[in-house]
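Count residues from 1 along the sequence. Numbering of ligands and ligand atoms starts at 1, following listing order.
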Amino acid sequence: MKEQNKPIGIFDSGVGGSSIWKEIITLLPSEDTVFLADSKYAPYGKRSKKEILELSIKNTEKLLEFDCKIIVVACNTATTNAIKELRSSYNIPFIGIEPAIKPAAIHTKTNKVGVLATKGTLSSELFAKTSDLYAQNIEVIEVIGTGLVELIEDGKIESTEMYDLLHSYIQPLIEKNIDYLVLGCTHYPYLIPILKNILPDNVTIIDSGEAVARQTKAILTQHQLLNPVSDRSSYHRLYSNATIDTLKEIIKPTLSNYSAEKLDF
Ligand code: DGL
């Protein structure tokens with residue numbers, strides 16, 4: 001198969017990366033995609049760097065079996081812990097995602113920014129570097145979203161449990177007068193409707209999904225890997241190695257050109 005006709009590969013520790021997948025298929029409607037939700041091993045946030053790297057390699061190998069032309073690591077925890085090693089081990093472009101501290105640091109008026117992410121992301125070297133680089137003159141208040149990924153993986157987004165847990169994480173940030181909340185986990189965009197109920201109107205939520213899609217397009221263009229047929233009908237294959245029901249429910253598909261199945265990987 002010609003390189004340009006190959007699919008874009010995307011993986012996450014679970015169903016959350018589908019928030020990135022949606023941005024990619026919206027921006028690049030002619031591209032085929034393969035999305036892997038590694039839900040069997042979620043959450044990654046509690047795992048060691050070594051484990052996260054091993055799981056990221058396993059997912060990469062699977063996407064290479066599907067002959068993907070680029071790999072989007074749609075997981076902040078995997079990006080911040082493993083993308084450097086992935087890039088040096090494989091001869092294929094990788095796109096990653098990190099908490100978007102830069103735009104929050106540029107625009108904050110209260111000089112206080114909240115970051116909600118997993119333990120694995122917040123304790124990573126890459127996050128510390130990015131934070132040092134962009135947030136020197138502001139206060140970054142980090143909150144570990146313990147339990148949020150698990151509830152999303154269990155299909156409990158709209159539960160009282162979720163509301164109460166989120167409220168307990170967000171209330172202290174409101175009291176500290178943040179005006180930006182950075183979502184540092186690709187599962188969290190699915191919590192935006194609840195977050196909007198909890199946060200006052202002056203707090204802006206930032207997630208990096210659209211930026212990742214734009215970066216994917218830019219790198220495909222740079223490597224001359226964009227599918228040249230602009231009006232082709234694309235096809236999307238979505239897989240989970242746990243139950244497929246959560247993934248099907250969360251993507252609430254309005255499209256017909258896709259399949260969602262359980263797969264061992
Ligand atoms: N979606 C993953 C991320 O962006 C969730 C991590 C986890 O499984 O703990 O970090």
Side-chain angles (χ1 to χ4, degrees), residues 9-24 35-60 63 71-86 94-101 114-128 130-131 142-157 162 165-166 169 181-192 195 205-213 215-216 238-243 246-247 249-251 265:
I10 304 160
F11 78 81
D12 180 34
S13 62
V15 297
S18 61
S19 62
I20 306 297
W21 168 79
K22 281 182 185 172
E23 300 286 356
I24 290 174
F35 173 71
L36 300 182
D38 198 15
S39 296
K40 189 169 155 189
Y41 299 98
Y44 282 12
K46 291 182 191 161
R47 294 183 180 275
S48 67
K49 184 178 162 67
K50 184 170 170 279
E51 283 176 310
I52 297 167
L53 179 59
E54 281 165 8
L55 291 166
S56 300
I57 289 172
K58 167 184 73 71
N59 301 332
T60 298
L63 288 172
I71 292 181
V72 180
V73 182
C75 177
N76 291 260
T77 314
T79 300
T80 50
N81 285 278
I83 202 158
K84 203 170 142 206
E85 290 81 354
L86 294 175
F94 282 88
I95 307 292
I97 180 165
E98 274 187 79
I101 291 197
V115 181
L116 184 62
T118 69
K119 186 167 167 243
T121 295
L122 294 173
S123 61
S124 68
E125 261 175 56
L126 191 55
F127 177 77
T130 311
S131 223
E142 301 170 12
V143 180
I144 299 174
T146 309
L148 298 176
V149 167
E150 287 91 327
L151 285 175
I152 296 169
E153 290 292 324
D154 284 348
K156 292 184 183 156
I157 292 178
M162 177 65 90
L165 195 56
L166 261 184
Y169 294 148
L181 176 65
V182 178
L183 302 185
C185 170
T186 56
H187 282 66
Y188 300 167
Y190 289 111
L191 305 178
I192 289 176
L195 285 168
I205 299 171
I206 299 200
D207 89 88
S208 336
E210 237 184 279
V212 171
Q215 178 68 359
T216 306
L238 299 132
Y239 299 102
S240 167
N241 51 13
T243 168
T246 317
L247 186 57
E249 169 61 27
I250 208 165
I251 62 171
F265 59 92

Check: Salt-bridged, K22 to E210, with N to O below 4.0 Å?
Finding: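 Looking at K22 and E210, the cut-off is not met.
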Note to self: Tell me whether K40 is salt-bridged to E153, with the criterion being a basic N under 4.0 Å from an acidic carboxylate O.
What the structure shows: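 Salt bridge absent between K40 and E153.
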Check: Taking only residues two or more places apart in sequence or in another chain, which ones pass salt bridge (Lys or Arg N to Asp or Glu O under 4.0 Å) with E125?
Finding: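 Salt bridge (Lys or Arg N to Asp or Glu O under 4.0 Å) check on E125 returns nothing, list empty.
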Next item on the list: For ligand 1, list the protein residues that place a heavy atom within a distance below 4.0 Å of one of its atoms, sorted by chain and number.
Entry: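 For ligand 1, the contacting residues are D12, S13, P43, Y44, G45, C75, N76, T77, T118, V149, C185, T186, H187.
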Next item on the list: Apply side-chain hydrogen bond (donor to acceptor under 3.5 Å, both in side chains) to T130 and E98, showing your working.
Entry: CA-CA 9 Å; T130 311; E98 274 187 79; 2.6 Å; yes
Check: Does S124 have any side chain to side chain contact (heavy atoms under 4.5 Å, CB included) partners at least two apart in sequence or in another chain, and if so, which?
Finding: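 Scan of S124 (side chain to side chain contact (heavy atoms under 4.5 Å, CB included), adjacent residues dropped) gives T80, N81, L126, F127.
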Margin query: If the condition is ring pair (Phe, Tyr, Trp, His ring centres under 6.0 Å), which residues does Y239 pass it with, not counting sequence neighbours?
Written below: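 Partners of Y239 under the ring pair (Phe, Tyr, Trp, His ring centres under 6.0 Å) test: F66.
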